[in-house]
Engineer: 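Sharing a structure below in structure tokens format, with a few things to ask.
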Amino acid sequence: MEYLLKKGIKAALKSLYGTDVNEELIQIQKTRKEFDGDMTLVVFPLLKTSRKSPAETANGLGEYLISNISAISSFNVINGFLNITVAPSEWAARLKEISAAEHYGFREPGTDAETVVIEYSSPNTNKPLHLGHIRNNLLGFSLSRLMKAAGKRVVRTNIVNDRGIHICKSMVAWSLFGDGETPEKSGKKGDHLVGEYYVMFDRKYKEQMAAMEAAGSTPEEARDNAPLMLAAREMLLKWEAGDNETMDLWHMMNNWVYEGFDVTYRALGVEFDKIYYESDTYKTGKQLVLDALASGLLFRKDDGSVWVDLTAEKLDHKLLLRSDGTAVYMTQDLGTAVIRYNDYNFNRHIYVVGNEQNYHFQVLALVLLKMGYRWAEGLHHFSYGMVELPEGRMKSREGTVVDADDIIDEMTGTARVMSQELGKLGGFSEAEKEDIYRKIGLAALKYYILKVDPRKNMTFNPAESIDFNGNTGPFIQYTYTRIKSVLKKGQEAGIKPGGSSFGTAIPNQKEINVIKLLNDFPASVSEAAEALSPALIANYLYDLAREFNQFYHDFPILGEENEDLRDLRLKLTEITGKTIENGLWLLGIEAPERM
RNA sequence: GGCCCUAUAGUUCAAUGGAUAGAACGCGGGUUUCCUAAACCUGAAAUCCAGGUUCGAUUCCUGGUGGGGCUACCA
């Protein structure tokens with residue numbers, strides 16, 4: 001419709017002023033609610049062409065459009081804005097078209113579809129997932145669905161940071177103080193158990209340092225020579241040497257963690273197609289670095305460490321291999337990227353990683369390009385802001401971390417309390433009720449996080465918990481369940497939408513408002529996929545749910561006597577339901593039948 | 001010090017360079033004979049400061065100020 005209007009305006013300008021105007025000057029936007037009309041042309045950019053006042057120009061164009069385009073029923077001019085009204089019957093026709101398209105808004109991947117690899121989650125195996133990981137997982141998962149809906153071939157991956165000194169720390173602490181504790185014996189979730197030993201390491205290490213300093217050591221000596229640190233370093237060396245006992249311990253503890261992570265991932269509803277482990281990729285990275293060094297692309301310092309010089313790119317020197325030849329983070333990521341390219345031949349690779357690593361990913365792409373990998377141009381760091389608490393940043397050392405499992409439980413619990421207060425779940429079994437509470441609680445959590453512009457830091461206040469009213473996930477779910485309920489009642493009453501006369505009724509303004517939004521859905525999906533922004537979908541859904549509720553509140557649907565009108569409204573309801581369902585799917589939020 | 005991100009009602013979030021800056025929570029009023037009141041209606045309340053570009057700036061540019069991040073032989 002917008003395209004039609006644009007064409008019409010171009011023709012109007014040609015006919016009125018005899019000029020072909022650059023399309024960029026024809027700015028069409030949605031008419032703001034407080035004015036009459038559906039679409040608005042901003043006439044200011046056209047004044048140079050018309051050489052007339054804004055009002056005259058707008059009126060001239062309006063007259064032309066109204067007599068040349070039948071779909072346009074009227075226009076008005078305010079302050080240089082030409083508000084154009086599309087005939088209501090035209091909107092009814094649009095609704096009919098929309099209802100005819102089964103999966104409108106979602107595209108099937110063609111044979112020439114881009115392959116997009118999306119890496120997200122990327123946990124360390126020394127501690128449980130926290131609130132920051134939740135934002136990461138939700139964004140990554142939703143992005144993968146957006147990409148899929150936009151017709152891309154999507155590979156969802158996860159890289160597990162399963163090696164390094166930090167992993168050895170929890171292994172050392174468990175060996176020394178664990179007394180054979182296991183998840184089974186303690187009843188603790190595996191990742192939480194391992195996390196406790198990581199924290200214990202840090203605490204005991206600090207005690208040792210304090211004792212050494214009290215005995216006359218300098219802080220540096222204490223830091224480097226505390227028995228626990230020596231033990232952790234020794235264990236890392238043993239690990240790299242493949243020592244059997246160490247490897248067994250490592251496997252055992254990592255498996256505890258993976259079992260714990262799986263529970264959290266399942267609760268969050270996120271999935272992966274392929275999981276990579278740094279313990280598998282770091283060697284490839286090392287080899288890449290050594291090859292590049294041999295080709296003279298890198299340089300070695302006197303102490304034997306290997307560096308890349310990025311001063312030409314306005315960055316500095318970056319370490320790629322330690323003086324003892326071991327790999328660093330960058331080394332592993334180089335290896336992982338190359339392995340992934342070999343695995344999937346991707347066109348694009350999206351890394352969902354926090355913005356504190358902007359520099360890291362800038363360097364990663366540059367180093368790969370320097371090594372001659374042209375595909376590195378397709379690497380994209382999807383950089384999101386941190387989740388802060390009202391007291392400030394979460395710090396694991398200070399114990400101000402919000403645990404992912406805890407927050408999920410808390411949200412479900414809040415949903416349970418709210419639901420029971422409303423008391424609308426009569427006739428459901430306990431298990432069914434729990435399932436609904438879980439869906440609602442998670443929707444609240446997911447929506448709360450996804451509706452925010454990913455680039456921005458966001459504040460999460462666990463004490464106040466999350467709203468279930470207003471611009472929230474449960475509000476959208478609620479709207480969906482109302483729709484389901486109406487459709488069901490209609491069915492029971494034998495009212496079938498879409499009879500032969502469907503499309504003859506003329507929608508009122510509130511109905512048109514809903515139709516307009518439904519009409520926008522496909523564009524919103526591709527826009528959100530383009531902009532990598534689940535927040536756009538979230539806000540779209542809220543608009544739609546609100547607009548629908550306003551219509552729903554004022555007009556009867558099943559009780560409407562006029563069959564054509566009832567048909568229109570039922571169809572409108574049905575399509576809104578489908579659209580909300582699709583939109584929620586994009587956000588990874590479940591749509592309950594009842595709540 | 002250098003580099004990057006960010007600043008909007010009391011709070012949490014919106015706004016392709018366009019009209020009177022939208023919502024939600026909270027606060028103040030209302031609306032249930034009717035398909036779900038987790039709803040609907042309604043009131044008060046905001047663009048960090050100073051310049052610049054533009055017919056027009058919350059948006060773009062410059063300079064301040066505040067907040068955050070990076071600048072590790074941690075990951």
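Keep in mind the model is a prediction, meaning the values are calculated, not measured.
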Engineer: Rounding to the closest angstrom, what is the interatomic distance between B:rU65 and B:rG29 at atom P?
Structural biologist: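 Taking atom P in both B:rU65 and B:rG29, they lie 46 Å apart.
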
Engineer: Can you tell which of B:rA75, B:rU16, B:rA38 lies closest to the side chain of A:K424?
Structural biologist: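 So the nucleotide nearest the side chain must be B:rA38.
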
Engineer: Which of the following nucleotides, B:rA75, B:rG68, B:rA38, is nearest to the side chain of A:R322?
Structural biologist: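 Among the listed nucleotides, the one closest to the side chain of A:R322 is B:rA75.
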
Engineer: Can you tell me which nucleotide in B:rA75, B:rA38, B:rC13 comes closest to the side chain of A:T459?
Structural biologist: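 Among the listed nucleotides, the one closest to the side chain of A:T459 is B:rC13.
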
Engineer: Give the stems involving RNA chain B, where a stem is 3 or more consecutive Watson-Crick or G-U wobble pairs (i with j, i+1 with j-1, and so on) under 3.5 Å.
Structural biologist: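 Stem list for RNA chain B: B:1-7 with B:65-71, B:10-13 with B:22-25, B:27-31 with B:39-43, B:48-52 with B:60-64.
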
Engineer: Any idea which heavy atoms bring A:S305 and A:L319 closest together, and the distance?
Structural biologist: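 Smallest interatomic distance, heavy atoms only, reads CB-CD1, 3.8 Å.
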
Engineer: Among B:rG68, B:rC35, B:rU36, which is the nearest nucleotide to the side chain of A:L558?
Structural biologist: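 The listed nucleotide nearest to A:L558's side chain is B:rC35.
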
Engineer: Which listed nucleotide (B:rU20, B:rA38, B:rU36) is nearest to the side chain of A:M418?
Structural biologist: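 Nucleotide nearest to A:M418's side chain: B:rA38.
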
Engineer: With the six-membered base ring of B:rA19 as reference, does the ring of A:F81 sit under 5.5 Å away with planes under 30° apart?
Structural biologist: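 A stacking contact exists, since A:F81 sits close and nearly parallel to the base ring of B:rA19.
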
Engineer: Does one side chain, of A:N83 or A:N76, offer a donor that lies under 3.5 Å from an acceptor on the other?
Structural biologist: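 The answer is yes; a qualifying pair exists.
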
Engineer: Provide the distance between the two C1' atoms, one in B:rU47 and one in B:rU8, to the nearest whole Å.
Structural biologist: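 Result for the C1' pair: 4 Å, nearest Å.
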
Engineer: Check the orientation of A:H130 and A:H133. Use parallel for under 30°, tilted for 30 to 60°, and perpendicular for over 60°.
Structural biologist: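 A:H130 and A:H133: tilted rings.
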
Engineer: Got A:T49 and A:T57 here, is their nearest side-chain heavy-atom distance under 4.5 Å?
Structural biologist: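 No, their side chains stay 4.5 Å or more apart.
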
Engineer: Does the plane of the ring in A:W250 sit parallel, tilted or perpendicular to the ring in A:W239? Use 30° and 60° as the thresholds.
Structural biologist: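 Ring orientation, 0 to 90° scale: perpendicular.
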
Engineer: Please figure out whether A:G559 or A:E34 has its closest RNA chain B nucleotide nearer the 5' end.
Structural biologist: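 The answer here is A:E34.
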
Engineer: For B:rG26 versus B:rU33, give the span between their C1' atoms, rounded off to a whole number of Å.
Structural biologist: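 The same atom, C1', in both gives a distance of 33 Å.
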
Engineer: Compare the minimum distances between each of B:rA39, B:rA14, B:rA38 and the side chain of A:S419, then state the nucleotide with the smallest one.
Structural biologist: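 Nucleotide nearest to A:S419's side chain: B:rA38.
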
Engineer: Between the side-chain atoms of A:T40 and the base atoms of B:rA19, is any donor-acceptor pair under 3.5 Å?
Structural biologist: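 Flag set: donor-acceptor pair detected.
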
Engineer: If you check every side-chain atom of A:N161, which of B:rA75, B:rU12, B:rG68 has the closest atom?
Structural biologist: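 Comparing B:rA75, B:rU12, B:rG68 against the side chain of A:N161, the answer is B:rA75.
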
Engineer: Evaluate the ring planes of A:F44 and A:F81, with Trp represented by its six-membered ring, and classify them as parallel (under 30°), tilted (30 to 60°) or perpendicular (over 60°).
Structural biologist: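 The rings of A:F44 and A:F81 stand perpendicular, inter-plane angle above 60°.
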
Engineer: Verify the ring-centre separation between A:Y258 and A:Y277: is it less than 6.0 angstrom?
Structural biologist: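 Judged by ring-centre distance (under 6.0 Å), A:Y277 and A:Y258 do meet the cut-off.
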
Engineer: Out of B:rC4, B:rG22, B:rA38, which nucleotide sits closest to the side chain of A:N358?
Structural biologist: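 That would be B:rC4.
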
Engineer: Check the chi torsion on B:rU12 and let me know: syn if it falls within 90° of 0, anti if not.
Structural biologist: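 This nucleotide is in anti.
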
Engineer: In whole angstrom, give me the gap between the P atoms of B:rA24 and B:rU62.
Structural biologist: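 Here B:rA24 and B:rU62 have their P atoms 37 Å from each other.
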
Engineer: Roughly how far apart, to the nearest Å, are B:rG28 and B:rG67 at atom C1'?
Structural biologist: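 Straight-line distance between the two C1' atoms is 33 Å.
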
Engineer: Which one, B:rA38, B:rU16, B:rA37, comes nearest to the side chain of A:Q27?
Structural biologist: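 Side chain of A:Q27 sits closest to B:rU16.
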
Engineer: Determine whether more than 12 heavy atoms belonging to other residues, nucleotides or ligands lie under 6.0 Å from atom CD of A:Q509.
Structural biologist: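 Atom CD in A:Q509 is crowded, with more than 12 foreign heavy atoms closer than 6.0 Å.
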
Engineer: I'd like the P distance from B:rU58 over to B:rA19, given in whole Å.
Structural biologist: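 Each nucleotide's P atom is 9 Å from the other's.
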
Engineer: Is the A:Y351-A:F382 ring centre distance short of 6.0 angstrom?
Structural biologist: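 They do not qualify: ring centres at least 6.0 Å apart.
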
Engineer: Looking only at side-chain N and O atoms, does A:Q550 come under 4.0 Å of OP1 or OP2 in B:rC41?
Structural biologist: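 Result: yes.
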
Engineer: Is the aromatic ring of A:F35 within stacking range of B:rA19, meaning centres under 5.5 angstrom and planes under 30 degrees?
Structural biologist: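 Yes; by the centre-distance and plane-angle rule, A:F35 counts as stacking on B:rA19.
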
Engineer: Say we look at B:rA14 and B:rC70: how far apart would their C1' atoms be, to the nearest angstrom?
Structural biologist: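 These two C1' atoms come out 29 Å apart once rounded.
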
Engineer: Compare side-chain N and O positions of A:R455 against OP1 and OP2 of B:rC5 and report whether any pair is under 4.0 Å apart.
Structural biologist: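 False: A:R455 side-chain N/O out of range (4.0 Å or more) of B:rC5 OP1/OP2.
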
Engineer: Does a side-chain N or O of A:K456 approach OP1 or OP2 of B:rG68 to a distance below 4.0 Å, or not?
Structural biologist: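 Checking B:rG68 against A:K456, no side-chain N or O comes under 4.0 Å of OP1 or OP2.
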
Engineer: What protein N or O atoms touch nucleotides 23-27 of chain B N or O atoms at under 3.5 angstrom, if any, and at what distances?
Structural biologist:
unit_1, atom_1, unit_2, atom_2, d
B:rA23, O2', A:Y542, OH, 3.1

Engineer: Report yes or no: is the ring centroid of A:F44 under 5.5 Å from the six-membered base ring centroid of B:rG18, with the two planes under 30 degrees?
Structural biologist: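 Check passed, A:F44 stacks on base of B:rG18.
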
Engineer: Counting side-chain heavy atoms from CB outward, which of B:rA75, B:rC35, B:rC40 is closest to A:K489?
Structural biologist: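 Comparing B:rA75, B:rC35, B:rC40 against the side chain of A:K489, the answer is B:rC35.
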
Engineer: Among A:L321, A:V328, A:T331, find the residue that satisfies the side-chain contact (heavy atoms from CB on, under 4.5 Å) test when tested with A:V306.
Structural biologist: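 Filter result, single survivor: A:L321.
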
Engineer: So, A:E278 and A:T281: side-chain donor and acceptor under 3.5 Å apart, yes or no?
Structural biologist: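 On atom types as modelled, these side chains do not qualify, holding no pair under 3.5 Å.
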
Engineer: If we take the P atom in both B:rU11 and B:rC27, what is their distance in whole Å?
Structural biologist: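 To the nearest whole Å, 16 Å.
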
